[in-house]
**Q** 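Take this structure first; my questions come after.
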Amino acid sequence: MDVPQLQRQQRLSGQKRAAFIFVAARAYDDGHSVRDISERCLRSAAFVRTILHEGRVVLRAPGSGARGRDNHPRR
């Protein structure tokens, strides 16, 4: 599934926003990185993270589970 092309200055609203979240979430689930998605839609990684976060998509950083680097549970 391809990420929709967006112009940098374009504001997302309503259906287009929902569609973008859906497509970006699917791409993210398929293993594309946030950077990968952001390059395809001409937006910053921060924008993609924000919009996925708003869409309640859980961004999982590789290797970071419930525990930190020293295997100590996070608070």
Side-chain angles (χ1 to χ4, degrees):
M1 198 172 235
D2 210 25
V3 179
Q5 290 289 321
L6 297 173
Q7 303 311 308
R8 272 189 195 280
Q9 69 279 6
Q10 196 176 349
R11 306 255 333 133
L12 286 186
S13 59
Q15 274 184 312
K16 196 177 279 184
R17 188 183 197 88
F20 181 81
I21 290 173
F22 175 75
V23 175
R26 283 285 300 273
Y28 185 76
D29 267 355
D30 289 345
H32 292 289
S33 66
V34 167
R35 173 172 284 132
D36 189 35
I37 298 169
S38 68
E39 280 171 7
R40 285 219 211 136
C41 71
L42 307 175
R43 292 279 183 155
S44 68
F47 163 77
V48 176
R49 269 197 203 90
T50 303
I51 207 158
L52 286 176
H53 183 69
E54 279 179 25
R56 306 278 185 273
V57 177
V58 181
L59 294 173
R60 46 191 193 281
S64 76
R67 292 171 176 273
R69 207 176 291 172
D70 56 357
N71 210 23
H72 194 274
R74 292 219 178 128
R75 301 217 151 86

**Q** Which heavy atom of Val34 sits nearest to which heavy atom of Ala45, and what is that distance?
**A** CG1-O, 3.5 Å
**Q** Of the non-hydrogen atoms in Val48 and Phe20, which two are nearest, and what is the gap between them?
**A** CG2-CZ, 4.5 Å
**Q** Who are the side-chain contact (heavy atoms from CB on, under 4.5 Å) partners of Gln15, not counting sequence neighbours?
**A** none
**Q** Which pairs would a plain distance check flag for residues 51-59, meaning a side-chain donor or acceptor within less than 3.5 Å of a matching protein atom at least two apart in sequence or in another chain?
**A**
from	atom 1	to	atom 2	distance (Å)
Glu54	OE1	Arg17	NE	3.3
Glu54	OE1	Arg17	NH2	2.6
Glu54	OE2	Arg17	NH2	3.4
Arg56	NH1	Glu54	O	3.3

**Q** If you round to the nearest 0.5 Å, how far is CZ of Phe47 from CG of Leu42?
**A** 10.5 Å
**Q** Taking side-chain contact (heavy atoms from CB on, under 4.5 Å) as the definition, give me every residue that meets it alongside Ala19, ordered by chain and number, with sequence neighbours left out.
**A** none
